[in-house]
Amino acid sequence: MATGMSNMEVCREKLLMASLKAPSQQHINANLLVSLPDFDKSRRRSTIHSYTLSNYHSLPHDPETLRTVREMSHGKALKNVIVLGIAFMFIFTAFVSLQGLQSSLHIESGVGVFSLSSIYVGTIISCFFAPWIIQRFTTKWTMVITFVFFTGYFAGNFHPEHYMLIPLGALLGLLAGPLFSAQATSITTIALAYAEHSHISDQDHVINKFMGIFCGLYRTSNIWGNLITTLVINKNTTGAGEYQLNLSNISCGSRYCLKNNSSNEDLSQDLITTIDNSTKVMLLSIYMGCGVMGIVTLISLFDQHKRRRKNHHYNDDELTSSEIFLSTLKMFKDSKCQLLILIVVFVGLEQGFMFSDFTQAYIACTLGVSQIGPIMMCFGAVSSISCILIGIVASRHIKRFAFIVAGATFNVGLLIVLWLWKPTLDDVPNFFVVAGCLGLCDAIWQTQTYTLFGVLFIDKQEAAFSCYRMLYATGCAIAFGYSYFLCVQTKVIVLAGVLILALFLYCVIEMKVQLQSQHIRDIVAL
């Protein structure tokens with residue numbers, strides 16, 4: 001063992017000397033140094049984790065980035081992550097509450113789900129422009145402008161017609177892609193700056209931790225949004241009672257088919273009577289107030305963190321608009337991105353299923369629309385707490401690969417339950433259990449897929465997260481788009497099939513990275 005250790009140290013010294021003599025080889029040699037086995041590690045690492053350390057061992061060293069690193073204390077980093085999480089919490093408290101009611105309140109001709117689908121279609125298109133928009137407006141002001149559009153969409157629901165909600169949804173979608181790309185870029189940049197400021201080598205854990213804190217705060221929007229829904233809708237208990245009596249002939253759960261259901265007209269009338277016009281005005285006014293609070297919080301408390309490319313000899317402004325525009329498309333040439341396509345699309349499909357089909361076909365159909373809020377609060381609470389625990393505690397001790405495989409296995413079992421379950425009025429506890437399980441799955445997918453993109457594509461964050469959001473929005477747009485036309489049973493089967501195939505492709509990434517890491521070790525051994 002002593003001989004092996006000494007040979008390893010000699011190898012490291014030779015690589016360091018070579019890098020000093022040949023500056024052009026510094027990056028390659030640094031990669032080899034990082035990929036050498038480390039006998040002092042106190043825990044096992046994912047193969048992706050150990051491989052990608054060689055790809056993002058440092059931030060750019062231009063003066064602006066170095067100043068950001070010097071100033072990025074733990075308090076400042078945590079403050080910015082918390083402020084960003086709170087700002088998103090305000091906006092999505094309103095959006096989650098409205099989204100959960102769209103499929104039930106605006107059921108005529110599917111105007112509610114179609115407006116949501118238009119948001120995600122717009123998001124897909126906007127992802128092509130996201131790097132350019134972020135470069136021009138910076139991450140902070142990209143998020144501020146998008147929050148203004150969210151508030152406008154809330155106002156548009158005062159008049160829920162196709163010609164009003166669908167165009168507003170599309171306009172919002174055109175900035176939703178840059179919004180989440182800017183958010184993910186901000187969190188990753190803050191995490192890397194803090195890691196370098198504090199000389200923390202385990203950057204993956206820092207990204208996981210900050211992403212977990214952000215997602216935990218952001219996901220509490222499910223709690224507050226559905227609390228608003230519950231308090232407002234329960235004001236009219238008579239309408240809710242009539243609604244349940246009229247559902248005696250409707251098949252709920254996986255048997256639910258919205259388009260083929262002859263009781264749609266009666267169902268729509270019952271749903272509309274549960275909220276009178278004055279209550280609706282109050283509800284939408286609360287949404288708009290949340291939007292304003294999110295805008296004020298972000299403008300006044302969040303620090304702008306400008307970021308340059310790692311090749312700091314060139315300024316970002318020297319890139320042409322066409323190069324910036326095509327940067328997202330070029331991501332799809334990367335084999336790692338290609339293999340991750342389905343897993344991100346699945347996250348979007350399941351999110352759409354949760355807010356469109358689960359709320360309507362399971363909760364509203366069986367228990368009444370007044371019960372959507374309490375059950376979705378359970379979903380939000382579990383998702384929020386799980387995000388924080390995964391980001392801060394579990395990610396330090398459990399490999400990402402184990403998280404994703406365990407989450408996928410659990411998710412497949414949950415889909416089987418949703419496919420077989422025939423909900424009744426006596427199943428109230430089961431609704432909360434299923435919602436909690438969906439919240440746990442949501443937390444795993446949100447934290448691990450975001451971190452995976454942040455780790456694998458650290459040199460092209462804006463394009464990578466734009467690509468992520470494009471794929472996520474594609475899944476959501478498909479889910480909301482076919483919500484009106486397919487039976488729930490078919491949608492559950494589609495989700496299970498996509499998840500199984502996505503897990504297989506993710507395992508291929510792990511195997512490829514394992515082989516690449518072994519190949520680097522073989523080169524060093526020579």
Side-chain angles (χ1 to χ4, degrees), residues 89 92-105 107 112-113 116 218-237 239-241 243-244 247 250-256 258 267 270-271 274-275 283 350-387 410-411 413-446 479-480 483 488 491-492 495:
M89 179 196 70
F92 284 90
T93 288
F95 185 72
V96 163
S97 180
L98 182 59
Q99 181 176 243
L101 292 174
Q102 284 286 30
S103 63
S104 299
L105 291 180
I107 199 172
V113 292
L116 294 174
Y218 159 51
R219 285 298 174 186
T220 60
S221 60
N222 287 285
I223 302 174
W224 314 126
N226 288 293
L227 179 61
I228 292 172
T229 301
T230 303
L231 294 176
V232 170
I233 293 181
N234 282 344
K235 288 183 65 177
N236 192 342
T237 55
Y243 169 58
Q244 290 180 1
L247 289 173
I250 297 178
S251 296
C252 300
S254 62
R255 300 166 295 170
Y256 188 85
L258 179 60
L267 175 62
D270 290 329
L271 286 167
T274 59
I275 299 181
L283 192 64
E350 188 165 65
Q351 192 82 349
F353 176 86
M354 183 71 192
F355 286 101
S356 177
D357 299 299
F358 184 70
T359 57
Q360 183 178 24
Y362 289 86
I363 304 174
C365 179
T366 306
L367 304 178
V369 69
S370 62
Q371 296 303 309
I372 290 177
I375 294 172
M376 293 301 289
M377 282 174 64
C378 177
F379 164 81
V382 173
S383 177
S384 177
I385 294 171
S386 299
C387 281
F410 183 70
N411 213 147
L414 185 58
L415 290 173
I416 293 173
V417 170
L418 289 170
W419 187 60
L420 297 175
W421 186 26
K422 298 178 181 179
T424 65
L425 288 172
D426 297 326
D427 287 342
V428 175
N430 293 338
F431 281 96
F432 287 93
V433 172
V434 171
C437 292
L438 285 168
L440 176 60
C441 292
D442 177 72
I444 293 173
W445 297 129
Q446 291 291 336
F480 286 119
S483 176
V488 173
K491 298 171 192 173
V492 172
L495 282 173

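As the structure is a prediction and not an experimental result, all values here were calculated from the model.
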Notebook entry, point to check: Quick one: CZ on F410 to SG on C441, what's the gap to the nearest 0.5 Å?
Noted result: 5.0 Å
Margin query: Could you check whether any side-chain heavy atom of V428 comes within less than 4.5 Å of a side-chain heavy atom of Q371, counting everything from C-beta outward?
Written below: no
Next item on the list: Considering non-hydrogen atoms only, spot the tightest contact between G436 and V382 and give its length.
Entry: O-CG1, 3.1 Å
Checklist line | Nearest atoms (heavy-atom pairs only) where N226 meets V96 | finding: ND2-CG1, 4.0 Å
Notebook entry, point to check: Any idea which heavy atoms bring M354 and L438 closest together, and the distance?
Noted result: SD-CD1, 3.1 Å
Margin query: I need the F92 CZ to L98 CG distance, nearest 0.5 Å.
Written below: 12.0 Å
Item checked: Student check: side-chain heavy atoms of V434 and W421 closer than 4.5 Å -> yes
Margin query: Between L495 and L418, is there a side-chain heavy-atom distance shorter than 4.5 Å?
Written below: no
Item checked: From K422 atom NZ to S254 atom OG, the distance as rounded to the nearest 0.5 Å -> 8.0 Å
Notebook entry, point to check: CE of M376 to CZ of F358: how many Å apart, nearest 0.5 Å?
Noted result: 7.5 Å
Checklist line | Side chains of W224 and I228 in contact at under 4.5 Å (non-hydrogen atoms) | finding: no
Next item on the list: For residues D442 and Q351, determine if any side-chain heavy atom of one lies less than 4.5 Å from a side-chain heavy atom of the other.
Entry: yes
Check: Which pair of heavy atoms, one from T220 and one from S384, lies closest together, and at what distance?
Finding: CG2-OG, 3.0 Å
Check: Are F431 and Y362 close enough that their ring centers fall under 6.0 Å?
Finding: no
Item checked: Separation of S383 OG from I223 CD1 (nearest 0.5 Å) -> 9.0 Å
Checklist line | Taking every non-hydrogen atom, the tightest pair across G352 and A479 | finding: CA-CB, 3.7 Å
Checklist line | Stepwise side chain to side chain contact (heavy atoms under 4.5 Å, CB included) check, Q360 with V488 | finding: CA-CA 10 Å; Q360 183 178 24; V488 173; over 6 Å; no
Check: Between L425 and L367, which heavy-atom pair has the shortest distance, and what is it?
Finding: CD2-CD2, 4.0 Å
Notebook entry, point to check: Checking S97 side chain against T93 main chain: does a donor-acceptor pair fall under 3.5 Å?
Noted result: no
Next item on the list: Find out whether W445 and N411 are in side-chain contact, i.e. whether some heavy atom of one side chain is under 4.5 Å from a heavy atom of the other.
Entry: yes
Note to self: As an exercise, state the distance from CG of N430 to OG1 of T366, rounded to the nearest 0.5 Å.
What the structure shows: 11.0 Å
